[in-house]
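Remarks on the structure that follows.
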Amino acid sequence: MTSPGTRLQRPPLDAAALSAGLVRPGGLWRDIRVVSETGSTNADLLAEARAGAAEGQVLVAETQTAGRGRLGRSWSGAPRAALAFSVLLRPVAVAPAIRAWLPLLTGIAVAAALRAEAGVTATLKWPNDVLVDGRKIAGILAEAHGDAIVAGVGLNVTLTGAELPVPTATSLLLENAACLDRERLLAAILTELARRYTAWTAGPDPAGLRPEYLRWCVTVGREVRVELPGGTLLTGTATDVDETGRLAVRTGPGTTTLVGAGDVVHVR
């Protein structure tokens with residue numbers, strides 16, 4: 001049995017080992033870089049996207065000092081206690097109306113990897129959270145520039161209870177996960193993401209991700225409160241996620257509102 005002290009070890013990531021396993025001719029991933037510290041991996045890759053960088057770039061930070069979340073929130077974490085990384089993608093073959101599925105696709109990849117590699121029952125909260133036992137274990141932020149989309153992931157790996165950013169969060173350590181090896185976890189997530197992204201951009205039905213997403217989405221069927229951009233609040237029952245990735249919220253008899261962006265609270 002692994003001792004608690006061993007499980008709290010936080011070794012640095014090995015970019016060469018990750019590249020050897022994930023960068024290959026004809027594959028999605030072109031370059032995997034690990035930096036000891038940066039403000040935001042999303043901001044860094046967006047700058048590279050503006051400069052014309054090709055898709056397939058992966059940037060991982062051992063520490064983020066100005067990580068970005070939805071609605072302008074910022075956060076930082078203990079060094080090497082989490083996986084904080086971003087990927088640069090250019091889904092030019094996908095219709096713009098469907099590209100909002102990319103953060104949801106990323107969530108599916110994270111949840112699938114955690115289920116397979118860490119042995120935890122990860123679920124999805126629309127639009128950008130991965131949960132375990134109702135607590136947030138990972139967040140996703142997608143930002144666009146032209147035809148480029150940068151998707152960032154922050155996954156809590158060995159954070160202790162005292163290190164959690166909010167009481168409603170959790171970590172793989174606290175969930176007694178079968179794997180706390182960040183290289184294995186990152187490799188599993190990038191493998192799942194590449195497989196799904198390649199099928200999504202090549203297939204005749206880019207919205208074919210919807211059935212898989214709905215299987216793991218715990219928002220649908222719940223009473224929700226949605227804070228929309230601008231501060232407007234919407235309350236009702238989440239009933240579906242449509243073909244373009246929007247959340248359908250029934251706000252009254254015969255009245256359904258489609259939400260493309262917002263901060264969701266599960267009321268009950």
Side-chain angles (χ1 to χ4, degrees), residues 1-15 18 34-44 59-86 103 106-107 109-111 113-141 151-189 216 218-219 225 227 263-268:
M1 177 179 291
T2 304
S3 71
T6 301
R7 289 174 68 81
L8 274 174
Q9 288 183 358
R10 294 169 175 172
L13 294 166
D14 185 337
L18 287 163
V34 178
V35 296
S36 60
E37 181 180 307
T38 192
S40 162
T41 55
N42 260 35
D44 293 347
L59 180 62
V60 193
E62 299 284 25
T63 305
Q64 284 195 127
T65 58
R68 302 212 301 270
R70 288 181 56 81
L71 303 179
R73 299 188 182 102
S74 63
W75 56 272
S76 60
R80 299 193 298 274
L83 270 177
F85 67 95
S86 298
T106 305
V110 173
L114 292 183
R115 284 171 173 245
E117 199 70 29
V120 295
T121 305
T123 57
L124 300 168
K125 176 187 173 188
W126 187 93
N128 68 319
D129 290 346
V130 181
L131 310 180
V132 174
D133 292 331
R135 295 180 177 272
K136 181 175 176 178
I137 202 164
I140 296 156
L141 177 67
V153 176
L155 169 65
N156 297 333
V157 182
T158 59
L159 274 75
T160 64
E163 292 172 325
L164 293 176
V166 292
T168 53
T170 190
S171 70
L172 291 174
L173 174 72
L174 295 175
E175 296 297 328
N176 296 310
C179 175
L180 299 179
D181 184 322
R182 292 186 305 141
E183 283 181 22
R184 281 178 55 189
L185 293 165
L186 180 57
I189 293 170
W216 292 345
V218 293
T219 300
R225 183 172 68 252
E227 182 180 349
D263 197 34
V264 173
V265 174
H266 292 168
V267 178
R268 58 182 176 85

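Not measured: the values here are computed from a predicted model.
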(message) Taking side chain to side chain donor-acceptor pair (under 3.5 Å) as the definition, give me every residue that meets it alongside T160, ordered by chain and number, with sequence neighbours left out.
(response) E163

(request) Determine the minimum heavy-atom distance between T219 and W126, stating which atoms define it. (result) OG1-N, 3.0 Å

(request) Taking E62 for its side chain and P12 for its backbone only, find out whether a donor-acceptor pair lies under 3.5 Å. (result) no

(request) Go through the structure and list residues passing side chain to side chain donor-acceptor pair (under 3.5 Å) with T123, not counting sequence neighbours. (result) none

(request) With sequence neighbours left out, write down each residue that passes side chain to side chain contact (heavy atoms under 4.5 Å, CB included) with K136, or none if nothing qualifies. (result) D129, L131

(request) For G107 and L124, work out which heavy atoms get closest and say how close. (result) O-CD2, 3.3 Å

(message) Restricting to non-hydrogen atoms, name the atom on L155 and the atom on A138 that form the minimum distance, rounded to 0.1 Å.
(response) CD1-CB, 3.9 Å

(message) For R10, is there any backbone N or O sitting under 3.5 Å from a side-chain donor or acceptor partner on R80?
(response) yes

(request) Please tell me if the side chains of L83 and L13 come closer than 4.5 Å, counting only heavy atoms from C-beta onward. (result) yes

(message) If you define the side chain from C-beta out and look only at heavy atoms, does anything of L174 sit under 4.5 Å from L164?
(response) yes

(message) Using side-chain heavy atoms (C-beta onward) and a distance below 4.5 Å, is L172 in contact with L114?
(response) yes

(request) Determine the minimum heavy-atom distance between I137 and S171, stating which atoms define it. (result) CD1-C, 3.6 Å

(message) Holding to side chain to side chain donor-acceptor pair (under 3.5 Å), I want the full list of residues that pass it with T41, two or more places apart in sequence or in another chain.
(response) Q64, S86

(request) Taking all non-hydrogen atoms of both residues into account, name the closest pair between A151 and N42 and its distance. (result) C-OD1, 3.8 Å

(request) Output yes when a side-chain donor or acceptor of R225 lies under 3.5 Å from a complementary backbone atom of V265, and no otherwise. (result) no

(request) Go through the structure and list residues passing side chain to side chain donor-acceptor pair (under 3.5 Å) with E117, not counting sequence neighbours. (result) R184

(request) Would you check if R182 and V60 make a side-chain contact, meaning some heavy-atom pair closer than 4.5 Å? (result) no

(message) Using a 3.5 Å distance criterion without hydrogens, assess whether the side chain of D44 forms a donor-acceptor pair with backbone atoms of T38.
(response) no

(message) To check you understand the geometry: which heavy-atom pair defines the closest contact between A122 and V130, and what is its length?
(response) CB-CG1, 3.9 Å

(message) Side chains of P103 and N128, heavy atoms from C-beta outward: is any pair under 4.5 Å?
(response) no

(request) Quick one: list whatever passes side chain to side chain contact (heavy atoms under 4.5 Å, CB included) with R135, sequence neighbours left out. (result) T170

